[in-house]
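For the single chain, residues carry numbers from 1 onward in sequence order. Since the structure is predicted, the reported quantities are computational estimates derived from the model, not experimental observations. Every number for a ligand or one of its atoms is a count from 1 in the order of the listing. Basis for what follows: all heavy atoms, side chains included, without hydrogens, waters or symmetry-related copies.
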Amino acid sequence: MSNNTNIVFESYPMIGGDGSNSYTKNSYLQRAGANAVKAIIDDVISEKLDVEKKNSSSKSAFRIADLGCSVGPNTFIAMQNIIDAVQQKYQSQGFASHMPEFQVFFNDHTSNDFNTLFASLPPERPYFATGVPGSFHGRLFPDFSLDFVHSSFALQWLSKVPEELLSKNSAAWNKGRVHYASAPDEVAQAYTVQFAKDITTFLEGRAKELVVGGLMVLNMPGIPNGNPHSSSVTGLSFDILGHCLVDMAKEGLISEVQVDSFNVPIYVASPKEMTQLVERNGCFSIERMEITQPKARDDDLNSQAFTMHLRAGMEGIISKHFGTEIIDELCDRCCKKHEEFIGLLESKCNEGNQLFIVLKRI
Ligand SMILES: C[S@@+](CC[C@H](N)C(=O)[O-])C[C@H]1O[C@@H](n2cnc3c(N)ncnc32)[C@H](O)[C@@H]1O
Ligand SMILES: [Mg+2]
């Protein structure tokens with residue numbers, strides 16, 4: 001048996017609790033991203049889920065895992081939608097009397113605020129709820145124990161900042177920037193290689209854990225094939241964060257070397273890259289692989305909302321590196337910069353910027 005017990009994974013959870021800065025209150029852009037693919041998930045379950053097999057096996061629960069679930073409410077909405085679609089499939093096949101019980105595994109890093117997650121579980125939920133702490137870059141479940149895997153806006157997190165970025169003497173030392181989007185090729189290349197390693201271990205783990213015929217739905221920030229890294233909305237957001245940090249260093253509020261050594265371990269993949277990684281793994285067929293477009297409400301696309309989302313997701317990693325005392329000042333500056341770039345941010349948000357993938361364990 002392989003497990004994670006000896007591996008320490010870096011983790012930077014979203015802001016927990018349900019206060020005004022929390023992920024719970026500042027994750028509606030991710031929810032818009034999930035809404036954009038709900039209808040496709042329904043179709044995929046209706047067309048591709050193999051319920052006859054499940055029906056003929058001994059009576060066991062239908063097991064769903066949400067990897068990188070954070071604190072809700074998005075995970076609850078996603079799990080309910082999947083269960084509705086699976087139940088619909090059983091009914092349409094005439095198996096209503098063989099409806100399985102459902103078990104949902106909510107996974108995130110151990111440092112995730114599972115208390116908030118558990119306290120806000122929907123009281124009327126049609127499933128047994130289980131928390132699974134640990135990194136999805138390692139093993140999380142026994143062999144062939146899951147029927148369905150879902151992960152939304154989590155796989156963009158790398159397991160760590162690529163090592164090449166950590167040495168001042170390296171060509172990939174990321175001076176004056178915090179991300180690869182507008183960085184020299186060496187930096188972008190180091191990120192690409194780290195992402196490939198992480199997705200490779202992710203797929204190896206899930207290939208062992210999913211039953212044959214099981215489906216895996218992945219939704220994450222994405223970039224169309226051939227587009228430059230700097231063209232993604234994620235890239236633009238981190239360029240803005242980088243500018244604000246550089247300004248603060250110029251004013252002596254933080255040190256320059258702190259900015260140079262800080263890098264956000266987030267990667268935005270293209271369909272082509274993911275296709276190659278899935279094919280190299282060889283255990284899954286690709287049922288869907290497409291760039292989709294979230295449908296955020298215009299009211300949600302403003303500088304304040306961008307700043308609150310950035311804060312809910314990044315406060316943990318930023319305060320670990322720079323200290324908590326810089327956060328308010330940094331967010332004020334980012335908010336002003338978001339205002340300056342609001343037209344560009346809005347238009348990028350309305351372009352295809354998420355990668356939606358459905359795989360089937362073969
Ligand atoms: C932006 S949140 C998305 C939450 C939720 N799926 C949604 O769509 O609102 C990303 C989550 O992924 C989690 N995450 C990142 N890397 C992870 C890993 N290696 N293993 C488990 N969870 C991870 C983070 O801790 C965070 O809670
Ligand atoms: Mg840097």
### Message
To 10 degrees, how wide is the angle O (Asn174) to the Mg ion (ligand 2) to O (Val259)?
### Response
110°

### Query
What residues, two or more places apart in sequence or in another chain, satisfy side chain to side chain donor-acceptor pair (under 3.5 Å) together with Asn26?
none

### Message
Suppose we only allow N, O or S atoms; which atom of Asp260 ends up nearest to the Mg ion (ligand 2)?
### Response
O

### Query
Hey, is the Mg ion (ligand 2) within less than 2.8 Å of some N/O/S atom on Trp173?
no

### Message
For a distance under 2.8 Å, tell me if Phe262 has an N/O/S atom near the Mg ion (ligand 2).
### Response
yes

Are there any protein N or O atoms under 3.5 Å from the N or O atoms of ligand 1? List them with distances, or say none.
| from | atom 1 | to | atom 2 | distance (Å) |
| --- | --- | --- | --- | --- |
| ligand 1 | 6 (N) | Gly68 | O | 2.9 |
| ligand 1 | 6 (N) | Ser152 | O | 2.8 |
| ligand 1 | 8 (O) | Ser152 | O | 3.4 |
| ligand 1 | 9 (O) | Tyr23 | OH | 2.7 |
| ligand 1 | 9 (O) | Asn74 | ND2 | 2.8 |
| ligand 1 | 16 (N) | His109 | NE2 | 3.4 |
| ligand 1 | 19 (N) | Ser135 | OG | 3.0 |
| ligand 1 | 19 (N) | His137 | ND1 | 3.3 |
| ligand 1 | 20 (N) | Phe136 | N | 2.9 |
| ligand 1 | 25 (O) | Asp108 | OD1 | 2.6 |
| ligand 1 | 27 (O) | Asp108 | OD1 | 3.4 |
| ligand 1 | 27 (O) | Asp108 | OD2 | 2.6 |

### Query
If you measure from the Lys or Arg side-chain nitrogens to the Asp or Glu carboxylate oxygens, is any gap between Lys336 and Glu340 under 4.0 Å?
no

### Message
Please give the remaining members of the hydrophobic cluster of Val257, linking ILVMFWY side chains under 4.5 Å, ordered by chain and number.
### Response
Trp173

### Query
How are the rings of Phe202 and Phe136 set relative to one another: parallel (under 30°), tilted (30 to 60°) or perpendicular (over 60°)?
perpendicular

### Task
List in chain and number order the residues that pass side chain to side chain donor-acceptor pair (under 3.5 Å) with Thr75, two or more places apart in sequence or in another chain; answer none if no residue qualifies.
Asp66

### Query
Parallel, tilted or perpendicular: which describes the rings of Phe95 and His98, with under 30° parallel and over 60° perpendicular?
perpendicular

#### Entry: Centroid-centroid distance, Tyr267 to Tyr180, less than 6.0 Å
yes

### Query
How long is the gap from OG on Ser261 to NE2 on His321, to the nearest 0.5 Å?
3.5 Å

